[in-house]
Amino acid sequence: MSLGTWRAAAERAESVLRSNIVEVTVGDKRLRHAIPSPAFYVHQWFWDSCCHAMGLAHIGPEDAVDELRSLVAGQWRNGQIGAITYNPAEYSYYPKAECWDTAEFSAAGIVAAGIAQPPLLAISVERVAAQLDVVQREAFLAEILPSVVSYHEYLRRHRDPEESGLLTMIHPWESGCDNSPRWDRSLATISVDDVPTQVIEDVDKNRSDTVTGKTSHRPNQDDYYRYMYLVHLYNELHWDVDTIVATSPFAIKDILFNSAWVRANESLARLTNDAVYEEWAEQGRAGLHKTWDAERRQFCDVDVSNGKWEPIHESTIAMFTPLWCAAAEGEVLDGLLARLSDPEEFWPECPVPTTGLNSSKFDLLRYWRGPTWPITNTILIEGLLRTGETSERARLLGNQLLASTLDMIADHGFSEYYQPTGTSEAGALLGFGRFSWSAALFLHLFHSFASEN
Ligand code: DGY
């Protein structure tokens, strides 16, 4: 496709992203940010917002600053920033603010989910800062860096009791890849029969994604009971994160989450000139290396619940994400690139499916069990181009993936995610429409790597 077509799509992306910006009043604070999609996701989501800011940085850096300012406004006193920050004037989305017993933790009286999401904040801050003039940049960094530092300190202090260099996540929603097959085995240890009736009834009565959206695109009902059971359990534990990490049936070292963590520490080291974050990044890289399975040629998530250390071997896109933080070279890199470029596994018409095409768990339409997502493609494009400085093969794949991702979004519009096999009878538009991060990541990729200026 031509540069002209991408440029026209960038104009459409700008209009979608801008039209999703809302102004929210919480107490005496007025916050501005883009909601992910007006059809369903009407609050502020953590990793979505980090991506929105990366796109907005190119078309309105002040809007990008507002987006991140709003994101950190609900930060807890212990440094945690929630996966969802709630707009008190919106009631349609479930789980509602009342589902989280967390109101007491934010200094600003803002209700946020008690769980985290892949820690892209420092990466986003670095990119936004790069688009500001010197005066704006200094002011922005002086305002936001204390929050970013305290967020990293929170993660480091509470999420790695084994001192493995890798953080533990405590809920499938923390991974951002809610129903990835990677979580099946751990979730199966929670029997739906043991989920309290009040949780089951609450989900049956209030779950709204399958009403607003299509059941075939969304996580199945048993998994949704388990998601809300974990929220219930953590409410009961009063969000005492050390106890949760030590005792939860769901505690996993997620490869994608940790690749983001390492990559974010690289950004924070540059932003603060503090070498400690480079050390944390290096410890994370060493931790990632320990999960490499040479026979299967993959990095593996690790189930660490209740003192276990059990690798998870599902074939998913997460195995490639260490490319983003320079954690693959030599034979490891060769093994990864061979799997990534295999058309039978990860390289169909619209790469990269979130679950391998030849996995028994692959599902063409269901959220993170197959479809191609702009966020995971962005991580791989950046990882491949970075690795491409020393590997011609990675550089070629990175450029191909950049072009196919821009084409995919320009062709099919700004939906939540895309069909890896291209268009078909089932339609290429998946999930919810007018999706902010698909628009924002299009702008980020186009302006950072594809436009001539
Ligand atoms: C959802 O509702 O699908 C979200 O991923 C939960 O944060």
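Remember, it's 1-based here, ligands and their atoms both numbered in the order they're listed.
Remark: aromatic rings of Phe320 and Phe346 are close, center separation under 6.0 Å.
Considering Ile123, Val125, Leu120 as possible partners of Ser267, the one that fulfils the side chain to side chain contact (heavy atoms under 4.5 Å, CB included) test is Ile123. Screening Arg32, His33, His52 for a side chain to side chain donor-acceptor pair (under 3.5 Å) with Glu67, the sole residue that qualifies is His52.
Pocket lining of ligand 1, defined as residues with a non-hydrogen atom under 4.0 Å away: Tyr41, Trp45, Ile84, Tyr93, Trp173, Asp178, Arg218, Tyr367.
Between Pro95 and Met228 the shortest heavy-atom distance is CB-CE, 3.9 Å.
Side-chain atoms of Gln44 and Tyr86 form no donor-acceptor pair, as typed in the model, at a separation below 3.5 Å.
Checked by atom type and distance alone, the side chain of Thr189 pairs as donor or acceptor with a backbone atom of Ser186 at under 3.5 Å.
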